[in-house]
Amino acid sequence: MRTSQLYAPTLREVPAEAEVISHKLMLRAGMIRKAAGGLYTYLPLAWRTIKKIEQIIREEMDSAGGQEIAMPIVQPSELWKETGRWEVYGDEMFRVNDRHGREFCLGPTHEEMVTSIVRDEVRSYKQLPLMLYQIQNKYRDEIRPRFGLMRGREFIMKDLYSFDKDEEGMRVSYKKMYDAYTNIFTRCGLTFRPVEADNGAIGGGGSHEFTVLADAGESSIAYCEKCDYAASDEKAELKAIHAVQEEALPLEKVATPGTKTIALLADYLKIPVEKTIKAVAYQTETDEVVLAFVRGDHEVNEVKVLNSVGAIALRMADEAAIRAVGGEPGFMSPVGIKKGTKIVADATVMEMVNAVAGANEADAHYKNVTPKRDFGEVIVTDIRLVQEGDPCPRCGAPLKMTRGIEAGQVFMLGTKYSEALHATFLDESGKEKPLVMGCYGIGVGRTMAAAIEQNNDKDGIIWPRAIAPFEVVVVPVNAKVPEQLELAEKIYGELKAAGVDVLLDDRKERAGVKFKDCDLIGYPLRITVGPKAVEEGTIELRVRKTGETFNETKETYLAKAREILKTL
RNA sequence: CGGGGCAUAGCUCAAUUUGGUAGAGCACCUGCUUUGGGAGCAGGGGGUCGCAGGUUCAAAUCCUGUUGCUCCGACCA
């Protein structure tokens with residue numbers, strides 16, 4: 001490929017719409033252009049990288065036993081109604097009607113579709129295990145698309161679905177995928193971490209996120225430096241903290257005017273925040289009120305609350321709903337709440353003695369609240385959000401927190417979808433059983449964005465070799481000088497013949513312009529052909545990542561280029 | 001959905017407050033010079049000022065509505 005033929009419109013200035021580095025650089029490097037919120041065109045450079053990432057994924061999926069298929073993007077509503085997700089998905093689903101008024105959606109994911117394919121054909125345990133995957137566009141009408149390709153409404157995703165005869169088989173498939181994912185992200189040259197994750201709305205039990213470490217990431221993970229524990233902030237388990245035991249004193253109501261927040265309360269009563277109990281009120285999708293309580297200095301982990309009450313969705317409760325169960329916004333505690341109200345208390349709270357909690361009336365709190373004695377019937381479990389320094393649930397060492405981009409996630413689904421869609425088979429004893437499923441996704445565009453977030457400097461992108469749009473760029477310093485262009489052409493030809501993915505920057509631009517573009521786009525290796533090459537035979541190799549240059553000859557440059565590429 | 005901000009040339013922005021024939025830099029085209037880190041000079045092309053109404057002798061500018069984008073929050077398989 002020649003740059004003079006390549007459609008890669010680079011920008012000197014940053015378009016105002018971009019917020020994060022990967023988005024800015026992809027726009028500036030002429031890789032993507034926006035069509036509408038969360039919808040992008042992939043220009044040639046981006047598409048080459050996408051195809052390289054897809055190829056790595058394909059190779060790893062195939063060698064793990066996966067078979068690639070393509071499924072419809074437009075999917076009939078009937079399937080989604082069978083699993084109930086036609087309603088559950090809500091506004092996030094793009095819906096369309098055909099000319100007859102029949103309902104369809106643009107597939108946000110493909111569990112229903114793939115399961116329906118398999119249920120019609122798989123009858124026997126002899127046909128299992130089966131792993132099918134697709135790399136296709138998926139559609140989610142995100143409330144707030146942002147960060148370029150990181151959170152779009154149309155995005156390229158690889159999804160593999162595994163079907164096994166039992167849970168043991170599913171675990172084997174899961175492990176294969178876990179290992180394949182490790183290979184994929186390693187081959188893409190990314191620094192990442194597999195972390196334990198919550199299954200979320202997709203359901204099932206057991207999940208890992210593959211998180212590419214980057215400050216711009218939307219997910220937060222906790223990890224232990226002492227053992228290998230690592231989990232998403234939603235998932236990170238926390239054991240109860242035992243309070244210093246003291247004698248429980250009798251409950252006492254005190255006036256605490258205007259102390260609607262924990263900070264104000266602790267300050268007013270001159271007590272440490274660790275002696276207070278914080279309340280957060282939620283309502284479920286059915287408007288049922290759920291009250292959650294954590295220690296004053298802790299935060300509530302909504303996902304854990306959600307799981308503890310088995311709800312589908314939670315939102316902050318409105319004041320009327322809080323009052324309806326006998327609570328007072330800003331001054332809530334389980335003490336005196338209407339019987340039958342769902343109350344979830346963090347395990348640490350239950351260890352507290354003589355704490356301060358709301359009195360369920362304005363401007364008043366109780367002193368000497370001892371949850372074990374005073375809370376009555378509550379759900380006790382871990383609902384705390386992990387904080388830096390919290391003890392590791394495995395070894396007790398202080399946890400570290402870092403941010404990352406969730407590039408992939410693997411799930412053990414179990415039989416949730418196969419049961420809903422009646423996808424069954426006959427086992428060895430002739431008994432009908434539901435297929436045991438797993439699903440495994442990778443955001444392809446997001447992986448590309450993550451690679452840029454992790455590999456850039458003030459001049460632009462620094463591609464890992466494996467996913468660079470081109471591995472090498474050959475730059476004649478002045479393409480108007482026939483000798484330089486000829487030599488550059490020769491080198492370009494030799495590299496191509498040697499199987500190197502190479503680009504020739506034959507534009508009749510000034511050297512500075514071409515160098516700036518090369519740095520911006522981020523080709524891992526640049527071979528410069530200037531006057532010195534023509535006159536003295538000196539061919540310059542420059543490594544984008546380090547800025548190192550090597551002076552070689554016509555005879556040695558190829559071997560040196562290969563040697564350098566191996567390290568990038 | 002709630003709360004901010006923005007919408008003027010391909011890009012980044014000025015002109016809007018105080019109504020009077022729309023500007024700069026970069027990009028683009030032509031010529032000359034230049035040629036190892038986004039060159040110089042000269043000339044040139046390009047905008048119904050997001051859209052629709054209204055006020056006015058006159059609207060990019062004031063008013064109303066509307067659409068889109070963007071940031072914060074809620075949300076996120």
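Naming: A, B, ... by sequence-line order, numbering from 1 per chain. Basis for what follows: all heavy atoms, side chains included, without hydrogens, waters or symmetry-related copies.
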When the P atoms of B:U67 and B:A24 are considered, how many whole Å apart are they? 35 Å

Step by step, would you call A:Glu167 with A:Arg171 a salt bridge (Lys or Arg N to Asp or Glu O under 4.0 Å)? CA-CA 6 Å; A:Glu167 190 175 315; A:Arg171 287 181 185 281; 2.8 Å; yes

Rounded to the nearest Å, what distance is computed from the CZ atom of residue A:Arg151 to the C1' atom of nucleotide B:C76? 5 Å

Axial cation check for A:Phe515 ring with A:Arg526, 6.0 Å and 45° limits: yes

Rounded to whole Å, CZ of A:Arg507 lies from P of B:G37 at a distance of 15 Å

Span that lies between the C1' atom of B:A22 and that of B:C49, in whole angstrom: 8 Å

Proximal nucleotide (of B:G36, B:U12, B:G37) relative to the A:Thr528 side chain: B:G36

A:Arg146, nearest nucleotide to its side chain (from B:G37, B:C75, B:C11): B:C75

Given that both distances must come in under 3.5 Å, which nucleotide forms a Watson-Crick or G-U wobble pair with B:A59? none

Write down the distance separating the P atoms in B:G54 and B:A60, rounded off to the nearest Å. 15 Å

A:Lys176 pairs by side-chain contact (heavy atoms from CB on, under 4.5 Å) with which of A:Met131, A:Glu60, A:Met61? A:Met131

Taking a pair to mean Watson-Crick or G-U wobble geometry with both distances below 3.5 Å, B:G31 pairs with B:C41

Starting at the 5' end of RNA chain B, which residue's closest nucleotide do you reach first, A:Asp517 or A:Pro15? A:Pro15

Identify the nucleotide, in any strand shown, that forms a Watson-Crick or G-U wobble pair with B:C6, with both distances under 3.5 Å; if there is none, say none. B:G68

To the nearest 0.5 Å, tell me how far A:Asn301 CG sits from A:Arg384 CZ. 10.5 Å

Residues, nucleotides or ligands: over 12 heavy atoms within 6.0 Å of A:Asn137 CG: yes

Say we look at B:A27 and B:U70: how far apart would their C1' atoms be, to the nearest angstrom? 24 Å

Nearest to the side chain of A:Phe515 - B:U35, B:G38, B:G37? B:G37

Checking N1-N3 plus N6-O4 or O6-N4 for Watson-Crick, or N1-O2 and O6-N3 for wobble, each under 3.5 Å, the partner of B:A22 is none

Going from CD on A:Glu234 to CG on A:Asn199, what distance comes out if it is rounded to the nearest 0.5 angstrom? 11.0 Å

So which protein N/O to nucleotides 39-46 of chain B N/O distances come out below 3.5 Å?
{"from": "B:A39", "atom 1": "N9", "to": "A:Arg510", "atom 2": "NH1", "distance (Å)": "3.4"}

What is the separation between atom CD1 on A:Ile405 and atom C1' on B:C76, rounded to the nearest whole Å? 15 Å

Write down the distance between CD (A:Gln283) and P (B:C75), rounded to a whole number of angstrom. 13 Å

hbond_proxy A:Asp519 side chain to B:G37 base (donor-acceptor, 3.5 Å cutoff): yes

Tell me if the side-chain of A:Glu509 makes a donor-acceptor pair with the base of B:G38, cut-off 3.5 Å, by modelled atom types. no

Students often mix this up, so state it plainly: with edges at 30° and 60°, are the rings of A:Phe94 and A:Tyr139 parallel, tilted or perpendicular? perpendicular

Indicate, with a heavy-atom threshold strictly under 4.0 Å, whether A:Arg526 touches base, sugar-phosphate, or nothing. base

Please classify the nucleic acid contact of A:Gln484 as base, sugar-phosphate, or nothing, using heavy-atom distances under 4.0 Å. nothing

For B:G73, the Watson-Crick or wobble partner whose two distances fall under 3.5 Å: B:C1

Determine the interplanar angle of the A:Tyr42 and A:Trp47 rings, folded into 0 to 90°, and report it as parallel if under 30°, tilted if 30 to 60°, perpendicular if over 60°. tilted

For the P atoms, the ones on B:G43 and on B:C69, what distance do you get once it is rounded to whole angstrom? 42 Å

Expected output: side-chain A:Lys514 to main-chain A:Pro476 donor-acceptor under 3.5 Å: yes

Base, sugar-phosphate alone, or nothing: which one does A:Ser207 contact when heavy atoms must sit under 4.0 Å apart? nothing

Is A:Glu19 salt-bridged to A:Arg146, cutoff N-O under 4.0 Å? no

Roughly how many Å apart are B:C62 and B:U56, using the C1' atom of each and rounding to a whole number? 10 Å

In whole Å, what separates the C1' atom of B:C63 from that of B:G25? 34 Å

Just the rounded figure in Å: distance from P of B:G36 to CZ of A:Arg542. 16 Å

Atom pair distance, as rounded to whole Å: CZ in A:Phe411 and P in B:C76: 13 Å

Between B:U17 and B:U61, how far is it from one C1' atom to the other, in whole Å? 9 Å

Quick one: which protein N/O atoms are closer than 3.5 Å to N/O atoms of nucleotides 66-70 of chain B? Pair and distance per line, please.
{"from": "B:C69", "atom 1": "OP1", "to": "A:Gly37", "atom 2": "N", "distance (Å)": "3.0"}
{"from": "B:C69", "atom 1": "O3'", "to": "A:Lys34", "atom 2": "NZ", "distance (Å)": "2.9"}
{"from": "B:U70", "atom 1": "OP1", "to": "A:Lys34", "atom 2": "NZ", "distance (Å)": "3.2"}

Applying ring pair (Phe, Tyr, Trp, His ring centres under 6.0 Å) as the test, list every pair that has at least one member in residues 3-23 of chain A; sequence neighbours left out. A:His23-A:Tyr40

In whole Å, I'd like the distance from the CD atom of A:Glu535 to the C1' atom of B:U35. 14 Å

Parallel under 30°, tilted from 30 to 60°, perpendicular over 60°: which one fits the rings of A:Phe185 and A:Phe192? tilted

Please classify the nucleic acid contact of A:Val14 as base, sugar-phosphate, or nothing, using heavy-atom distances under 4.0 Å. sugar-phosphate

Nearest-Å distance for atom pair CG/C1', residues A:Leu11 and B:A27: 10 Å

Answer with base, sugar-phosphate or nothing: what part of the nucleic acid does A:Pro108 contact at a heavy-atom distance below 4.0 Å? nothing

Picking from B:U12, B:G37, B:U35, which would you name as closest to the side chain of A:Glu13? B:U12

If only side-chain N and O atoms of A:Arg28 are considered, is one of them under 4.0 Å from the OP1 or OP2 phosphate oxygen of B:C11? no

